[in-house]
Each structure stands twice: as structure tokens, then as C-alpha cells.
Amino acid sequence: MIIAIDGPAAAGKGTLAQNLAKHFKYAFLDTGRLYRAVGFAVLEQNQDPSDPYYAITCAKKFDPKNINSILKNPLLREEATGNAASKVAVIPEVRAALLDLQRDFAEHPFFEDGTSAKGAVLDGRDIGTVVCPNAEIKFFVTASAEVRANRRFKELNDAGKIASYEKILQDIKERDFRDSNRSSAPLKPAEDAYILDTSNLNATQAFQKALDLISQNHL
Ligand code: CDP
């Protein structure tokens with residue numbers, strides 16, 4: 001069983017994906033972290049994430065066996081890393097280098113301790129359209145850019161980080177544009193995805209709505 005969750009930045013995909021994974025006892029993969037890890041590796045070399053040479057080299061170095069430890073790096077959550085991720089994610093060869101790893105996980109999901117799971121929840125931008133077009137359940141989670149910027153702003157504030165709402169909103173809009181307009185695997189809902197607008201839903205309500213849709217249509 002594969003649950004694919006796509007959507008723009010800060011729409012609530014990650015929280016929903018983790019809640020569903022916990023509920024069904026499935027393994028979870030935040031595929032954005034793979035792109036973040038590549039963007040981070042390029043930034044660490046003081047290079048430009050839009051430069052295909054460095055981005056492709058870093059993506060190809062990714063060792064699937066070390067996936068858990070690489071993706072745990074707390075610096076991957078930084079805003080600068082997210083912006084770098086969306087720049088490397090435009091490059092088709094970077095996407096190709098990360099594709100098998102994501103499909104392998106979906107087909108043979110495993111938990112952090114290495115034990116195998118009977119299902120997988122993947123969240124990202126192209127899971128329902130490209131990585132797992134055959135996923136049994138697909139969600140496209142969205143919310144207005146202003147609501148999403150506000151959520152990110154609160155998250156950063158709560159973590160004690162100084163942030164400007166206007167700058168976050170601008171970054172989100174730029175990232176939405178880059179993610180939606182790239183030629184390789186652009187951000188868009190799969191035809192058979194349930195659209196979940198979380199602008200007026202908190203995390204619990206979004207989870208409940210997703211569970212209702214699953215039980216009405218799939219159980
Ligand atoms: O957490 P947030 O929604 O801010 O972003 P993320 O899911 O960590 O993804 C960071 C960036 O990686 C996105 O802006 C996308 O450009 C890229 N990405 C992608 O292209 N395909 C995916 N399956 C996941 C992420």
C-alpha cells in the first residue's frame with residue numbers, strides 16, 4: 001500500500017504524512033529531505049545550487065544505505081536549504097539520480113530501525129505523478145500562500161529564530177513558481193488525487209478529513 005502526498009511548501013504535507021504513517025503503521029519518507037540534502041551539500045562547497053555540475057555530482061554521491069543518517073541533519077530544515085533544494089530540484093539529472101531510491105522505498109518500505117513495513121507514505125512534489133503513479137491513495141495538500149507563510153513564520157518564531165513574514169511570503173511564492181513551472185516533474189495534482197485545502201484546517205482536522213476520504217473510498 002502506497003500513500004502519495006504532494007503539495008507546495010508549508011501546506012501541511014509533512015504533518016499529515018507522519019500522522020497517516022503512524023495511524024496505519026506504515027514507513028514514511030520525506031522526499032523533500034533528499035533534495036534538501038543535495039542543496040545542502042552544494043552550499044557546503046560554497047557553490048551555486050543552480051549550477052548543474054555541482055548539483056548532479058552531489059546527487060549521484062548519495063548512498064542509499066546511509067539515507068537515514070543523512071536525512072537526520074537538522075540543518076536540512078533551514079530556509080536557505082529549502083531554497084537551494086528547489087534550485088537543484090529543477091535539474092532533470094538530479095531528479096533522475098534520486099528516483100530509484102524513492103521507488104525502492106515505496107516498493108520495500110522500512111522503518112528507521114531497518115525493519116520492513118507493510119506500506120509506505122511518501123511526501124513531496126511529484127510522488128503521485130512521477131515517483132509512484134500507481135499509488136493506491138493520493139493527496140494534494142494545499143493552502144493559500146499567505147496561510148503557508150504565516151505557518152512558517154510561526155514555526156521559526158517558536159524555534160526562537162528571527163524571521164520576516166514578508167521575506168518568507170516572497171520566498172514561498174518564488175519556490176511555488178519554480179516548483180510549478182519547471183519542465184521536469186512540475187508540482188501539480190495527479191488526476192486521481194484528493195485535493196485537501198488546509199487553509200482553514202488545523203493539523204488534526206486535516207488528518208481527520210484525510211482519514212474520512214480513505215475510509216469512504218478505500219477501506
Ligand atoms: O518542507 P517544504 O515543503 O518547505 O519543502 P520540502 O518538501 O522539504 O522540499 C524542498 C524542495 O525540494 C521543494 O521546494 C522542491 O523544489 C523540491 N522537491 C521536489 O522537487 N520533489 C520532491 N518530491 C520533493 C521536494
Side-chain angles (χ1 to χ4, degrees), residues 2-18 28-43 49-50 55-56 58-59 62 67 70-103 105-106 120-133 135 138-143 145 147-156 159 163 167-190 193 196 198 203 206:
I2 300 172
I3 303 180
I5 304 186
D6 292 304
K13 310 179 294 293
T15 309
L16 176 64
Q18 288 183 66
F28 162 61
L29 179 64
D30 173 356
T31 66
R33 289 212 152 211
L34 298 169
Y35 292 91
R36 282 173 179 263
V38 176
F40 181 74
V42 177
L43 290 181
S50 301
I56 295 167
C58 290
F62 226 87
I67 181 168
I70 296 168
L71 300 186
K72 261 191 197 145
N73 181 354
L75 293 175
L76 297 187
R77 280 256 44 96
E78 301 278 322
E79 287 304 290
T81 315
N83 293 333
S86 99
K87 291 180 183 162
V88 302
V90 170
I91 304 163
E93 292 88 341
V94 168
R95 308 199 69 81
L98 301 177
L99 191 57
D100 284 350
L101 202 150
Q102 297 173 73
R103 286 192 176 149
F105 181 86
V121 184
L122 287 87
D123 93 73
R125 300 291 187 287
D126 60 342
I127 309 303
T129 49
V130 174
V131 179
C132 304
K138 299 179 185 177
F139 288 105
F140 190 85
V141 185
T142 186
V147 166
R148 291 185 284 125
N150 213 13
R151 284 183 191 152
R152 237 333 98 93
F153 177 69
K154 277 194 73 196
E155 247 172 57
L156 290 169
K167 170 85 174 68
I168 294 172
L169 179 60
Q170 186 194 337
D171 280 355
I172 279 194
K173 286 184 173 169
E174 279 173 19
R175 201 126 72 86
D176 283 355
F177 183 84
R178 222 176 4 243
D179 289 352
S180 309
N181 290 285
R182 65 185 177 215
S183 55
S184 179
L187 169 68
K188 64 169 184 206
L196 204 59
T198 67

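In each ligand, atom 1 is the first atom listed, and ligand 1 is the first ligand listed. These numbers were taken from a predicted model, which means no experiment stands behind them.
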* Intermediate values then yes/no, side chain to side chain donor-acceptor pair (under 3.5 Å), T198 and R151 -> CA-CA 11 Å; T198 67; R151 284 183 191 152; 3.2 Å; yes
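Using a 4.5 Å cut-off on side-chain heavy atoms (C-beta onward), I2 and L122 make contact. By the 4.5 Å heavy-atom criterion applied to side chains, D123 and V141 are not counted as neighbours. Considering only heavy atoms from C-beta on, E79 comes within 4.5 Å of L156 through its side chain. The shortest distance between side-chain heavy atoms of F139 and I127 does not fall below 4.5 Å.
The minimum heavy-atom distance linking N73 with R33 is given by the pair O-NH1, 4.0 Å. The nearest pair of heavy atoms linking A185 to R95 is CB-NE, 3.5 Å.
Protein heavy atom in closest approach to atom 12 (O) of ligand 1: Y35 CB, 3.5 Å. The nearest heavy-atom contact from the protein to atom 2 (P) of ligand 1 is R36 NH2, 3.6 Å. Among protein heavy atoms, atom 16 (O) of ligand 1 sits closest to D179 OD1, 2.6 Å. At the top of the distance list for atom 17 (C) of ligand 1, counting protein heavy atoms only, stands A89 CB, 3.7 Å. Nearest protein neighbour of atom 24 (C) of ligand 1, counting heavy atoms only, is T31 OG1, 3.4 Å. Closest protein heavy atom to atom 21 (N) of ligand 1: R95 NH2, 3.0 Å. For atom 10 (C) of ligand 1, the nearest non-hydrogen atom of the protein is R175 NH1, 3.5 Å.
Contacts between E174 and ligand 1 below 4.0 angstrom, taking non-hydrogen atoms only, are absent altogether. Within the 4.0 Å heavy-atom criterion, the part of A10 lying near ligand 1 is the backbone and not the side chain. No part of R178 comes within 4.0 Å of ligand 1, judged by heavy-atom distances.
Counting heavy atoms only, R125 comes closest to atom 22 (C) of ligand 1 of the residues R77, R125, K87.
Between D171 and R152 there is no salt bridge, since no side-chain nitrogen of the basic residue lies less than 4.0 Å from a carboxylate oxygen of the acidic one.
Ligand-side atoms of ligand 1 in range of R152: 1 (O), 2 (P), 4 (O), range being under 4.0 angstrom from any heavy atom. In the vicinity of A85, heavy-atom distances shorter than 4.0 Å reach the ligand 1 atoms 10 (C), 11 (C), 12 (O). The ligand atoms of ligand 1 that sit less than 4.0 angstrom from a heavy atom of K13 are 3 (O).
Using modelled atom types, no side-chain atom of R36 and backbone atom of T81 make a donor-acceptor pair closer than 3.5 Å.
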